[in-house]
Amino acid sequence: MEFAQAGILQAVPAHGRYLFFSIPAQTNADVLRSALQRLAGQVDGRSVVAGLGATLVQALGAEVPGLRPMPDMSGHGVQVPSTPVALWCWLRGAAQGELVLQARALEKALAPAFHLDRVLDGFRHGDPAADHGRDLTGFEDGTENPEGDEAVAAALQQDGSSFVAIQQWVHNLDAFDALGTDGQNNAMGRRMADNEELDDAPISAHVKRTAQESFSPEAFVLRRSMPWAVGHQCGLFFVAFGATLNAFEAQMRRMAGQEDGVVDATFTYSKPVTGAYLWCPPLHQGRLDLRQLGL
């Protein structure tokens, strides 16, 4: 915990800005190493959480045991795409303007080794004093998150590093509204009004599909998702940290019907349009610790 990027364990902030970087063609490893050294000085793990993808690690000629590309888990009538990201930064703060300026500084520091392909802004929704933020559907997000030492065990490796699975989910709120209160509650497996689990929820309910203790081995992750909205589109940017990527992948495969043919009911009103795995290095002396990569 001492060496982890602190933002992994902290509650979601009021505002977030996600930066997605690729590696331009013909970029050599030395240029990448110089840019990552500059990045290391700007990532404190608290206001900026950074994750490195398998393509970046491979381009450096390095290896991170357990890191792999996210597989495409489409099938059974649903799409669960894999859209690899070389470098991902999660900017966290109380004011969006600060994050805009911080993102600009990071983009300049990383050029020309990395190209900023996309930016997505997230925000906390619901009671700011509550333990959990809410999805734009109104349901609490992260109710089943482990806490304390269990959160540390689920999210972090012994050296303080972590893996993260990220997906941008796009909601169809008209389809969600059309379900009505009972349909919405059955799709989630909880009552929105009091967040209580439904004893008689259908097998397709999200709570039943992702019950972390129902897997073998148990599949605990630490969710740090945030809602997003751009124009008429909105949804949830899903973020799940883990000591390995196996727990998330087991949950996602079951949600997509690959385990028993039953698709998670959330697919009736939402769909993932991106998906990537990354490795979040630990910190050393207040800087991103990249020694695993030979830096």
Side-chain angles (χ1 to χ4, degrees), residues 7-18 49 90-96 99 120-148 150-151 154-155 164-199 201-202 204-212 220-242 248 251-252 255 264-275:
I8 294 171
L9 297 174
Q10 293 173 342
V12 295
H15 293 276
R17 173 163 271 220
Y18 304 105
V49 173
W90 176 24
L91 280 56
R92 305 161 34 87
Q96 187 175 10
L99 301 188
L120 184 69
D121 289 314
F123 51 88
R124 185 180 174 99
H125 175 55
D127 181 359
D131 289 339
H132 306 288
R134 290 183 181 269
D135 179 46
L136 291 173
T137 58
F139 284 106
E140 289 190 14
D141 184 75
T143 299
E144 295 297 324
N145 267 343
E147 299 179 354
E150 293 180 348
V164 64
I166 58 174
Q167 294 175 307
Q168 184 179 358
W169 286 72
V170 178
H171 292 348
N172 182 338
L173 292 183
D174 288 337
F176 179 76
D177 292 343
L179 293 175
T181 300
D182 288 344
Q184 293 166 1
N185 291 341
N186 281 327
M188 184 57 59
R190 292 183 182 276
R191 284 192 302 269
M192 189 188 303
D194 58 11
N195 205 37
E196 287 298 314
E197 221 172 292
L198 301 178
D199 293 333
S204 61
H206 182 62
V207 165
K208 288 193 172 181
R209 294 281 84 195
T210 58
Q212 297 173 105
F220 284 93
V221 297
L222 186 65
R223 293 176 57 147
R224 289 291 184 256
S225 310
M226 300 185 77
W228 63 272
V230 178
H232 288 95
Q233 282 196 323
C234 66
L236 185 73
F237 191 76
F238 178 86
V239 177
F241 292 99
F248 164 80
Q251 289 193 35
M252 191 68 250
M255 286 179 64
D264 193 299
T266 55
F267 279 100
T268 61
Y269 59 84
S270 191
K271 63 180 181 180
V273 295
T274 67

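Just so you know, these numbers come straight off a predicted model, no measurement behind them.
Enclosure of atom CD in Gln10 by more than 12 non-hydrogen atoms of other residues, nucleotides or ligands within 6.0 angstrom is indicated. The 12-atom threshold is not exceeded at CG of Asp199, counting heavy atoms of other residues, nucleotides or ligands nearer than 6.0 Å.
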- request: Dump the intermediate steps for side-chain contact (heavy atoms from CB on, under 4.5 Å) on Thr210 and Glu144, then the final yes or no.
  value: CA-CA 10 Å; Thr210 58; Glu144 295 297 324; over 6 Å; no
Pair Tyr18-Leu99, side-chain contact (heavy atoms from CB on, under 4.5 Å): steps then yes or no: CA-CA 10 Å; Tyr18 304 105; Leu99 301 188; over 6 Å; no
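Within the 4.5 Å cutoff, the side chain of Leu120 has heavy atoms near those of the Val230 side chain. Residues Leu136 and Phe123 are in side-chain contact: their nearest non-hydrogen atoms beyond the backbone lie under 4.5 Å apart. Annotation: side chain of Met226 is not in contact with side chain of Val239 (no heavy-atom distance under 4.5 Å). Considering only heavy atoms from C-beta on, Cys234 comes within 4.5 Å of Leu173 through its side chain. Using a 4.5 Å cut-off on side-chain heavy atoms (C-beta onward), His125 and Asp135 make no contact. A 4.5 Å side-chain heavy-atom check between Gln167 and Phe248 finds at least one atom pair inside the cut-off.
Note that CG of Asp177 and CG of Asn172 are 9.0 Å apart. Values are rounded to the nearest 0.5 Å. Between the NE2 atom in His171 and the CG atom in Leu236 there is a gap of 5.5 Å [rounded to 0.5 Å]. A distance of 10.5 Å separates CE in Met188 from CG in Leu198, rounded to the nearest 0.5 Å.
Residues Met192 and Asn185 come closest through the heavy atom pair N-OD1, 3.1 Å. Shortest non-hydrogen contact noted between Thr274 and Gln168 is OG1-N, 2.9 Å. Scanning all heavy atoms of the two residues, the minimum distance from Ala155 to Leu9 falls at CB-CD2, 4.5 Å. Of all heavy-atom pairs between Arg92 and Pro13, the closest is NH1-CD, 3.4 Å. The two atoms that bring Asp121 and Arg17 nearest to each other are OD1-NE, 2.7 Å, heavy atoms only. Summarising the geometry of Leu222 relative to Pro146, their closest heavy-atom pair is CD1-O, 3.8 Å, with the distance given to 0.1 Å.
Aromatic pair Phe267/Trp169: ring centres closer than 6.0 Å.
Between the side chain of Ser270 and the backbone N or O of Val170 there is at least one donor-acceptor pair closer than 3.5 Å.
The ring pair (Phe, Tyr, Trp, His ring centres under 6.0 Å) test applied to Phe139 returns no partner, not counting sequence neighbours.
Between Phe176 and Tyr269, the ring-plane angle classifies as perpendicular under the 30° and 60° cut-offs.
Test Arg134, Arg190, Arg223, Arg224 against Asp141 for salt bridge (Lys or Arg N to Asp or Glu O under 4.0 Å) and you get one pass: Arg223.
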